[in-house]
Amino acid sequence: MTYAWLDAPATAVADTARQLLGWLAVANGVTIRLTETEAYAGLGEDPASHAHRGRTARNAVMFGPAGHLYLYRIYGLHTCANVTCGPAGQPAAVLLRAGQVVDGVDAARSRRPAAKRDIDLASGPARLVEALGVPLTAYGTSVVDGTGPLTLRPPTEPVPDERVLAGPRVGVTAALDLAWRFSIAGDPTVSAYRRHVPRSRGKELRRTS
DNA sequence: GGACAGATTCTT
DNA sequence: AGAATCTGTCCC
């Protein structure tokens, strides 16, 4: 399967993130409609991107062709999923931040016992990955040719522009001027915007103002 | 080789 | 507000 965004240049990653709203992420018996995405570029232009400082073992797949899974572990315990964008050599990716489980609710619930309501099943990047049951070992697999555990499918109807909100990305301090977080207005599965707060260090060093 | 911050989530 | 505790980066 081929899609227009697979051939888009890395500089269009924000457009791709916007376009992927409403797409379906299918894996392990669960289907999730994407309601929140974020764009990340690389190499100098985007200080918040994992590819900003160059290629490492972790971000290597971002430097490859579009349409592959960039999975990474965060805070030592959670996994977040990105879809790579742009041609090989131009790192860029779209973070799948949240979605609504539209099929396989039982399977999703069994993987996410902490979720109290159905709208909490995939209302965050690590929650979404957990609900889909995608392991870190799926790193680098394709999301468009059916060979990997996760497949993206286009929506029957695209999300119209008037339903799309754009704003700064969640949890990042760099490049706050970029409105590279996209979400579907009013959707209950979209997480409320939270500015990043640094993890507390020694109490004696904490700022009081 | 060590310190530290982070594209998070759950519990107190 | 704190804990869990991996990965990359920066500084010695």
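Computed over heavy atoms, backbone and side chain alike; hydrogens, waters and symmetry mates excluded. Labels below follow one simple rule: chain letters A, B, ... track the order of the sequence lines, proteins then strands, and each chain is numbered from 1.
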* Asked: Is the shortest distance from a Lys or Arg side-chain nitrogen in A:D187 or A:R163 to a carboxylate oxygen in the other one below 4.0 Å?
  -> no
* Charged N to carboxylate O under 4.0 angstrom, A:R117 versus A:D120? ->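 Salt bridge present between A:R117 and A:D120.
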In whole Å, I'd like the distance from the [atom1] atom of [X] to the [atom2] atom of [N].
| X | N | atom1 | atom2 | answer |
| --- | --- | --- | --- | --- |
| A:R58 | C:dC6 | CZ | C1' | 9 Å |
| A:E36 | B:dA7 | CD | P | 15 Å |
| A:R127 | B:dT11 | CZ | P | 10 Å |
| A:R55 | C:dT9 | CZ | P | 14 Å |
| A:N59 | C:dG8 | CG | P | 8 Å |
| A:L136 | B:dT8 | CG | C1' | 15 Å |
| A:L71 | B:dA7 | CG | P | 17 Å |
| A:L96 | B:dT8 | CG | C1' | 15 Å |

* **Step-by-step side chain to side chain contact (heavy atoms under 4.5 Å, CB included) determination, A:W5 to A:V94** => CA-CA 11 Å; A:W5 59 268; A:V94 171; over 6 Å; no
* Asked: Hey, does the side chain of A:R73 come within less than 4.0 Å of B:dT8's phosphate (OP1/OP2), counting only N and O?
  ->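 Looking at the OP1 and OP2 atoms of B:dT8, neither is under 4.0 Å from any side-chain N or O of A:R73.
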Heavy atoms under 4.0 Å, any strand shown: does [X] hit a base, just sugar-phosphate, or nothing?
| X | answer |
| --- | --- |
| A:N82 | base |
| A:A126 | sugar-phosphate |
| A:I74 | sugar-phosphate |

* To do: Kindly determine whether A:Y139 and A:H68 satisfy side-chain hydrogen bond (donor to acceptor under 3.5 Å, both in side chains), including the steps that lead there.
  => CA-CA 8 Å; A:Y139 180 97; A:H68 293 256; over 6 Å; no
* **Geometric cation-pi criterion, A:R169 with A:Y40: 6.0 Å, 45°** => yes
* Evaluate the side-chain hydrogen bond (donor to acceptor under 3.5 Å, both in side chains) criterion for residues A:S123 and A:S191: first the C-alpha distance (whole Å), next the side-chain angles of each, then the deciding distance (0.1 Å), finally the verdict. => CA-CA 6 Å; A:S123 58; A:S191 63; over 6 Å; no
Select one nucleotide: of [options], the one nearest the side-chain heavy atoms of [X].
| X | options | value |
| --- | --- | --- |
| A:Y75 | B:dT9, C:dC10, C:dA4 | C:dA4 |
| A:Y70 | B:dT9, C:dA4, B:dA7 | B:dA7 |
| A:V172 | C:dC10, B:dA7, C:dT5 | B:dA7 |
| A:T56 | C:dT9, C:dT5, B:dA7 | C:dT9 |

* A:R53 vs A:H78, nearer the 5' end of DNA chain C by closest nucleotide ->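 The residue whose closest nucleotide sits nearer the 5' end is A:H78.
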* Identify the heavy atoms of A:D46 and A:A175 that sit nearest to each other, and give their distance. => OD1-CB, 4.4 Å
* Asked: Hey, what do you get for OG1 (A:T56) to CE (A:M62), rounding to the nearest 0.5 Å?
  -> 10.0 Å
* Ring-base stacking, A:Y40 with B:dA7 (5.5 Å, 30° cut-offs) -> yes
* Structure fact -> One should report the stems of DNA chain C, each a stretch of at least three consecutive Watson-Crick or G-U pairs at distances under 3.5 Å, as B:1-6 with C:6-11, B:8-11 with C:1-4
